[in-house]
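Here the structure is laid out as structure tokens; the discussion comes afterwards.
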Protein chains: 2
Amino acid sequence: MNTLKIVPLGGMGGVTQNMFLYEMDQEILIIDCGIGFPDHYMPGADILIPDISYLLKKIEQGKTVVGMVLSHGHDDHIGALAYLLPALPEFPIYASPLTAGFAEDRMKESQAKRTVNVVDHSNEFTLGGFTIQLFAVTHSVPDTRHILVTCEAGTFYHGSDYKLDPAPVDGILTDIRGITEAAENGITCMLLDCLRVENPNWVPSESTVGPVLSDIMMKTEGKYVITLMSSHLHRIQQVVDAAVAQGRKVAFIGRSVEQNIEVALRLNKITIPAGVMVDKRKLSNYADKQLCVIVAGSQGQEGSSLVRAIFGEHRALRISPNDTVVFSADAIPGNELPYYAAIDELCRNRIHVVYPAIQDGLHQSGHASAPEQQEMVRTLNPTYLFPMGGADRHRVLFLEKVAEPLGYNEQSVLIPEKGEILEFGLGAPRTAEKIILKPQIVDGLGVGDVGPIVLSDRRAMGESGIIVLVIPRHNDEFLLDQIEIVSRGFVFMKEAEEVINFIHESTIETIEKFGKKSDEILRKEIEKRLARKLFSIIRREPMIVPVIIDR
Amino acid sequence: MNTLKIVPLGGMGGVTQNMFLYEMDQEILIIDCGIGFPDHYMPGADILIPDISYLLKKIEQGKTVVGMVLSHGHDDHIGALAYLLPALPEFPIYASPLTAGFAEDRMKESQAKRTVNVVDHSNEFTLGGFTIQLFAVTHSVPDTRHILVTCEAGTFYHGSDYKLDPAPVDGILTDIRGITEAAENGITCMLLDCLRVENPNWVPSESTVGPVLSDIMMKTEGKYVITLMSSHLHRIQQVVDAAVAQGRKVAFIGRSVEQNIEVALRLNKITIPAGVMVDKRKLSNYADKQLCVIVAGSQGQEGSSLVRAIFGEHRALRISPNDTVVFSADAIPGNELPYYAAIDELCRNRIHVVYPAIQDGLHQSGHASAPEQQEMVRTLNPTYLFPMGGADRHRVLFLEKVAEPLGYNEQSVLIPEKGEILEFGLGAPRTAEKIILKPQIVDGLGVGDVGPIVLSDRRAMGESGIIVLVIPRHNDEFLLDQIEIVSRGFVFMKEAEEVINFIHESTIETIEKFGKKSDEILRKEIEKRLARKLFSIIRREPMIVPVIIDR
């Protein structure tokens with residue numbers, strides 16, 4: 001019998017960068033291909049993508065990628081397609097209709113232009129030795145699926161992002177019955193979204209948000225400006241419905257929301273009656289009271305349409321004191337500063353702004369809480385559990401709060417470390433291997449040329465600046481009176497003659513002592529001595545770069 | 001009659017850097033002298049201090065500082081003393097006992113060694129033309145006071161940080177009756193802490209936290225390790241009481257908490273029975289079950305004692321799987337990443353950790369919620385209101401949620417912009433002047449030499465690195481084959497020959513075109529052209545620094 005290895009290329013212990021290999025003998029199935037978001041330890045990085053070195057090595061060794069299945073249309077599950085597919089051989093890709101639409105849209109402007117095959121909910125299909133079935137689940141983007149994978153090593157339930165919405169906006173409930181029937185022979189291992197395990201309460205239905213947003217619209221005298229996650233079509237549908245009911249036109253502003261709406265309209269995933277949608281460039285043709293504007297930038301991102309409008313720098317959208325601005329999204333943890341800076345600026349200009357900290361019900365999470373996770377586990381009763389999509393604390397809490405009360409234990413709840421590959425089919429799952437996953441950074445248009453040294457240099461310079469010492473030499477003689485000191489981000493040099501003299505003297509002193517040694521030793525000594533002195537005097541640690549110029 | 005100007009030197013619209021001048025004819029009273037905390041727009045900055053240029057100018061013009069009064073012992077109210085007092089003339093400083101103790105402690109290692117006069121709660125004293133009375137209020141540090149200032153222009157209530165705790169740990173309630181009596185002739189203007197105006201519920205008493213912490217201690221098999229704000233003596237007292245009741249010894253670890261406990265013990269602001277406190281270096285003399293360790297680092301700060309212990313790098317404190325770690329503090333907004341990184345690391349090592357997201361009642365705010373703010377306003381019924389200590393959204397919300405329901409309006413609620421000075425005593429308060437307040441940055445041991453250019457350079461380099469072009473010249477001839485390219489934080493240069501060649505060529509091209517122009521023009525052109533090309537090719541914007549070396 002063939003074993004199955006599950007390889008999380010995005011690493012475990014993180015929320016984003018979802019990409020899983022299901023590896024069996026000579027065949028590999030890929031689930032999802034998402035980006036991650038850099039933290040403040042990675043300055044300048046735009047996005048992160050999974051490290052596919054392991055996959056490339058397996059392909060080189062002759063293994064076949066039988067296909068890829070995408071769970072849903074969020075960028076942390078499909079956003080890396082444009083970056084990674086060009087490096088990979090051809091294979092079929094499968095997804096639900098909207099996920100396929102979003103995935104193709106994300107690849108549009110890249111080298112990776114592949115067609116995504118649309119598969120219907122619950123229809124069975126095979127990819128090599130894998131039998132696959134997709135099941136509808138509710139989440140904050142329509143057409144989200146869980147994936148049932150059957151192979152020789154067992155039946156695996158890939159339960160990425162979901163919630164158990166009792167009254168979803170499109171009426172399509174999480175298909176518990178379909179899943180139960182399909183998995184009637186039992187599930188070997190259930191991988192399950194554990195992100196919101198800290199939440200002890202069932203998440204309210206997305207359909208509870210619409211009335212709250214509609215009420216605020218009713219009280220709005222001017223334009224109703226709302227910002228939300230651009231792919232949250234059910235939320236957008238509710239806003240559109242309210243606008244239609246209240247006789248407002250709807251405009252979409254911002255690249256992400258405009259693109260998503262285009263895809264959604266083409267695939268009939270949103271309903272906007274004729275004559276309701278208006279061009280963002282023609283807002284001035286309507287009275288403020290007639291307008292509902294849905295705008296990108298719900299995290300207060302610098303450069304987003306919302307932030308430009310708030311600071312009076314958007315050509316199409318001007319926000320005035322009669323308008324109401326609604327933030328229908330929480331701040332992502334760690335992102336509070338720009339989010340609240342946007343709200344503060346609105347308040348400063350006395351524009352009415354409604355946001356979750358002062359108004360209940362403006363937003364509901366798309367992720368299952370602890371009781372919803374427990375419900376899923378209880379219903380499907382898998383042999384092993386594999387919490388995913390959360391940080392380490394969430395995975396451990398899943399063990400304690402969700403699994404243990406149902407009789408699972410440390411042995412049956414799998415919490416692999418980053419890089420650990422679990423193997424199924426030989427009795428209890430075991431760690432087959434531990435691979436090294438390096439952060440793959442996309443910075444500007446470059447991929448992979450920004451490594452740890454570049455990042456740590458950026459951090460150092462970003463904290464304390466840089467001092468470059470240009471030291472000319474002629475016929476082995478250092479021209480000490482011609483040393484140039486260039487600094488950026490250190491102190492304001494025009495007013496710091498004393499510091500410059502000090503740097504100068506320290507450098508000359510070191511050259512006099514070590515000038516006969518190799519250049520490498522000399523450079524290191526200059527750096528070390530000056531760093532020590534600067535730290536002891538002013539407690540700063542600029543990056544120091546001596547450059548010896550021979551003529 | 002003399003008018004009174006209120007000058008917020010720390011700026012309005014921020015939470016920290018509290019420093020107010022009460023300026024009357026030839027006399028100035030200072031209230032508080034606090035530091036601020038830099039955001040990510042100020043890389044490398046350690047702390048911010050108020051800009052006292054205005055005050056220095058007034059002193060130069062012959063005005064007298066009659067004294068300074070400190071409201072309470074938090075660093076955003078007393079932390080700038082060490083930095084600012086050396087630049088100021090002698091004047092008396094007044095505070096409650098603990099505030100005086102903390103203030104003197106903060107000045108200990110600096111040039112500013114002044115004595116702080118201890119004033120008793122509600123005793124009246126005068127400083128020049130100001131009559132001053134301090135009243136006990138409840139907050140997250142003991143001995144917090146509100147300040148009543150009476151002068152010719154009226155009676156002013158300086159109501160900085162407080163809450164209305166119905167059952168404070170030390171039994172000392174907010175002295176509403178004393179304040180009402182003292183202000184029986186009416187209050188002209190009430191400045192009031194508005195930070196938690198988003199909270200619509202009365203904040204639970206600090207004394208509700210103790211039982212929660214005690215319960216967790218009861219269930220802890222190993223060491224009970226708790227982290228909290230180091231100045232929160234009432235919280236610490238409750239932990240100590242629980243430890244005593246459960247037969248545990250108490251150890252304090254971390255500079256801030258150790259220093260504060262030393263002051264508190266000296267001033268009898270905390271009660272620890274003999275034999276309970278143990279030296280942190282002797283923890284190994286006790287069984288884990290006998291220990292309660294109170295440790296600094298409740299924000300997961302890098303380098304804090306808690307974080308070092310979590311990562312196994314603390315000499316005195318080792319955390320093991322039987323221990324419980326309690327975070328009795330919320331993450332400060334914007335600080336979620338290090339805070340949760342610490343919690344994740346504990347979970348990864350299967351150490352039991354309790355934190356506010358999974359356990360109610362671990363922490364209660366020290367700031368008044370909207371109803372508590374309203375209670376204060378209703379009771380004292382001032383003519384004008386001046387919300388402070390909050391961001392712009394909090395000040396505007398104070399107007400809407402707290403003041404307007406009580407009959408105040410845009411005219412009677414004062415929301416000055418940053419730098420605006422309000423003048424009282426000539427009918428309605430008016431804006432007397434708007435001054436420019438520059439951020440005063442303490443970076444390492446230097447104050448004030450890190451200005452906006454240095455900061456923006458740091459930001460640029462921190463995002464995309466730096467390229468230094470060393471261009472030698474001899475007798476007006478550029479030595480094009482000897483150009484040196486030095487970069488840091490840009491791309492990993494050893495693998496980027498192509499990019500280096502490209503930079504080289506671009507520089508030579510520009511020199512050939514502009515080499516006859518002035519050095520300044522040449523440098524600007526090199527910079528501009530290379531920047532444009534790099535951005536168009538790889539979408540990155542490193543800082544570019546051409547250095548021309550003449551020999």
Side-chain angles (χ1 to χ4, degrees), chain A residues 13 39-40 43-44 198 333-334 336-337 340 343-345 347-348 350 353 357-358 391-393 395-397 417 443-446 449-451 453-455 457-459 461-466 468 470 472 474 479 482 484 486 488-492 495-496 537-540 543 545 547 549 551, chain B residues 13 39-40 43-44 198 331 333-334 336-337 340 343-345 347-348 350 353 357-358 391-393 395-397 443-446 449-451 453-455 457-459 461-466 468 470 472 474 479 482 484 486 488-492 495-496 537-540 543 545 547 549 551:
Chain A
D39 59 30
H40 60 305
E198 288 167 341
E336 283 78 1
L337 294 177
Y340 281 115
I343 293 172
D344 279 327
E345 179 66 15
C347 289
R348 227 173 64 79
R350 299 292 193 281
V353 50
I358 59 165
D392 285 333
R393 68 185 183 281
R395 297 195 292 157
V396 172
L397 216 57
E417 294 206 6
D443 179 18
L445 297 185
D449 59 351
V450 174
I453 296 174
V454 170
L455 285 179
D457 284 355
R458 283 184 187 171
R459 261 196 316 271
M461 291 189 295
E463 286 281 307
S464 310
I466 188 170
V468 179
V470 182
H474 187 59
L479 310 176
Q482 292 179 33
E484 292 257 348
V486 181
R488 288 292 185 278
F490 172 52
V491 296
F492 191 54
E495 291 174 3
I537 296 174
I538 52 173
R539 288 276 181 278
R540 290 185 207 174
M543 165 159 288
V545 183
V547 185
I549 303 279
R551 323 223 13 254
Chain B
D39 59 29
H40 60 306
E198 289 166 342
E336 282 78 359
L337 293 178
Y340 282 115
I343 293 172
D344 279 327
E345 180 66 15
C347 289
R348 227 172 63 78
R350 298 293 192 284
V353 49
I358 59 165
D392 286 333
R393 68 184 183 283
R395 297 195 291 156
V396 172
L397 216 58
D443 179 18
L445 296 185
D449 60 351
V450 173
I453 295 174
V454 170
L455 285 180
D457 283 355
R458 282 184 188 173
R459 257 194 320 269
M461 291 188 295
E463 287 281 307
S464 310
I466 187 170
V468 179
V470 182
H474 186 60
L479 309 176
Q482 292 179 33
E484 291 257 350
V486 180
R488 288 292 184 277
F490 172 51
V491 296
F492 190 54
E495 291 173 2
I537 297 174
I538 53 171
R539 289 272 182 282
R540 290 185 205 173
M543 164 159 287
V545 182
V547 185
I549 304 279
R551 325 225 12 255

Inset, instruction - With a 4.5 angstrom heavy-atom cut-off, could you sort out which part of A:E198 is near chain B: side chain, backbone, both or neither? - result: both
Inset, instruction - Just give me the residue among A:Q482, A:M461, A:R393, A:E336 that pairs up with chain B most often, heavy atom to heavy atom, under 4.5 Å. - result: A:R393
Inset, instruction - Drop me the distance from A:M543's CE to A:R488's CZ, to the nearest 0.5 angstrom. - result: 16.0 Å
Legend entry - Largest heavy-atom contact set with chain A, pairs under 4.5 Å, which of B:V545, B:V468, B:V353: B:V545
Legend entry - chain B contact via A:I549 - side chain, backbone, both or neither, heavy atoms under 4.5 Å: side chain
Legend entry - Over all atoms of both residues, closest heavy-atom pair of B:G489 and A:D457: N-CB, 3.6 Å
Inset, instruction - Check whether any side-chain heavy atom of A:R395 sits under 4.5 Å from a side-chain heavy atom of B:R348, and report yes or no. - result: no
Legend entry - Backbone N/O of B:E463 and side chain of A:R458: donor-acceptor pair under 3.5 Å: yes
Inset, instruction - Could you tell me which portion of B:R350 (side chain, backbone, both or neither) has an atom closer than 4.5 angstrom to a non-hydrogen atom of chain A? - result: side chain
Inset, instruction - Using non-hydrogen atoms and a 4.5 Å limit, figure out which bit of A:E345 sits close to chain B: side chain, backbone, both or neither. - result: neither
Legend entry - A:Y340 side, atom OH; A:C347 side, atom SG - distance, nearest 0.5 Å: 11.0 Å
